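Here the structure is laid out as structure tokens; the discussion comes afterwards.
Convention: sequence-line order gives letters A, B, ...; per-chain numbering from 1. Computed from a predicted model, the values in this text were never measured in an experiment.
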Protein chains: 2
Amino acid sequence: MKLTEAEWQIMNALWENWPATARQIADRLPGDIKWAYTTIKTMLTRLTDKNAVKESKKGNVAVYEPILTRQNAQRSALKSLANQAFDGAFGPLMHFLLEDQKLSDKQKEDLLQALKTGEQKGEQE
Amino acid sequence: MKLTEAEWQIMNALWENWPATARQIADRLPGDIKWAYTTIKTMLTRLTDKNAVKESKKGNVAVYEPILTRQNAQRSALKSLANQAFDGAFGPLMHFLLEDQKLSDKQKEDLLQALKTGEQKGEQE
DNA sequence: GCGATTCTACTACATATGTAGAAGCTGTCA
DNA sequence: TGACAGCTTCTACATATGTAGTAGAATCGC
């Protein structure tokens, strides 16, 4: 499932808490985004068509909830990036991150921890 | 500098070795891509307009070379992804990778190494 | 009950992206 | 010296994406 930039914004707002109405989503969008209400509705319709969200009616107002999980969306975004920009390999991608980003000691600690404990398959939101 | 999917393909081929002609680039594209020669030329023109590559003439044939480095392209792609999908934080992105990807022991070793040795700023292609 | 407000469903439209055809140049090889 | 092959420049066009207006239905506040 491939999301566009604008769609990520909507989904991010929806994942924050759902079911949600278009209005609620609008209110949760980052402050620097100023879309017309109808723009948001349009995005939601498109996301519904894509089966990324499910729309239902509460009374005669639409409420939305994600079908696509954040985790899955992240996963496929990372996969695309890896393929596109890192020859499909996650290893180099990670290396790049490690080398490129100056990590705080705490972050390093965390990562070491994560590495040691192996696959700690955690949050399943 | 934001590249589209098709542009990544072209750039990947160009980074492989340059200066290169459109024909050479065409020959280097992954086997599953079958674009008309003119499609490639179009992409190269667009990339030139974007200042991602520089076109010059050798005789009367165009040769191309990257202006945008692979490393920079990767960097900004990662940054976009982090912003879009991981609230701008690389830490969680990395965690996600670690948790989601089953790494081989060797990969883990490598990463541990990379973590320990800190910023080993390597390849500067 | 009625005006103000809010939704919903449709439609619209510019720009971006993927993909390529057409026509004209040029070099090459018989 | 002409036919062919490969290159160049232009133009075209469908689909995707970002962004929103309009009109009519529903709802809220008094």
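- Residue contacts for A/Thr4: at a heavy-atom cut-off of 4.0 Å it reaches the sugar-phosphate backbone alone, with no base atom in range.
- The side chain of A/Ala6 approaches D/dG18 more closely than any other nucleotide in the set D/dG18, C/dG21, D/dT9.
- Nearest approach of A/Asn51 to A/Met1, heavy atoms of both residues: O-CE, 3.9 Å.
- When each of D/dA20, C/dA12, D/dT27 is scored by its nearest atom to the side-chain atoms of A/Asn60, the top-ranked nucleotide is D/dT27.
- Between A/Thr38 and D/dA20 there is no side-chain N or O to OP1 or OP2 distance below 4.0 Å.
- At D/dG18, none of the side-chain N or O atoms of A/Lys41 fall inside 4.0 Å of OP1 or OP2 (strictly under the cut-off).
- Put simply, CG on A/Leu3 is 14 Å from C1' on D/dA16, counting in whole angstrom units.
- Of the candidate nucleotides C/dT19, D/dT19, C/dG18, C/dG18 has the atom nearest to the side chain of B/Glu5.
- At the heavy-atom level, B/Thr42 lies under 4.0 Å from base atoms of the strands shown.
- Distances shorter than 4.0 Å separate some side-chain N or O of B/Arg23 from OP1 or OP2 on D/dC7.
- Position along DNA chain D of the nearest nucleotide to A/Trp35 versus B/Arg46 favours B/Arg46 as the more 5'-ward residue.
- Residue-level contact check: A/Ala62 touches the backbone only, with heavy atoms under 4.0 Å from sugar-phosphate atoms and none from bases.
- Here the side chain of B/Gln74 pairs a donor or acceptor atom with the backbone of A/Ala85 at under 3.5 angstrom.
- Residues B/Lys50 and B/Ala36 both approach DNA chain C. Their nearest nucleotides, taken by heavy-atom distance, put B/Lys50 toward the 5′ side.
- When each of A/Lys2 and B/Tyr37 is assigned the nucleotide of DNA chain D bearing its nearest heavy atom, the one mapping closer to the 5' terminus is B/Tyr37.
- One can place CG of B/Asp49 at 15 Å from C1' of C/dT15, the figure rounded to the nearest angstrom.
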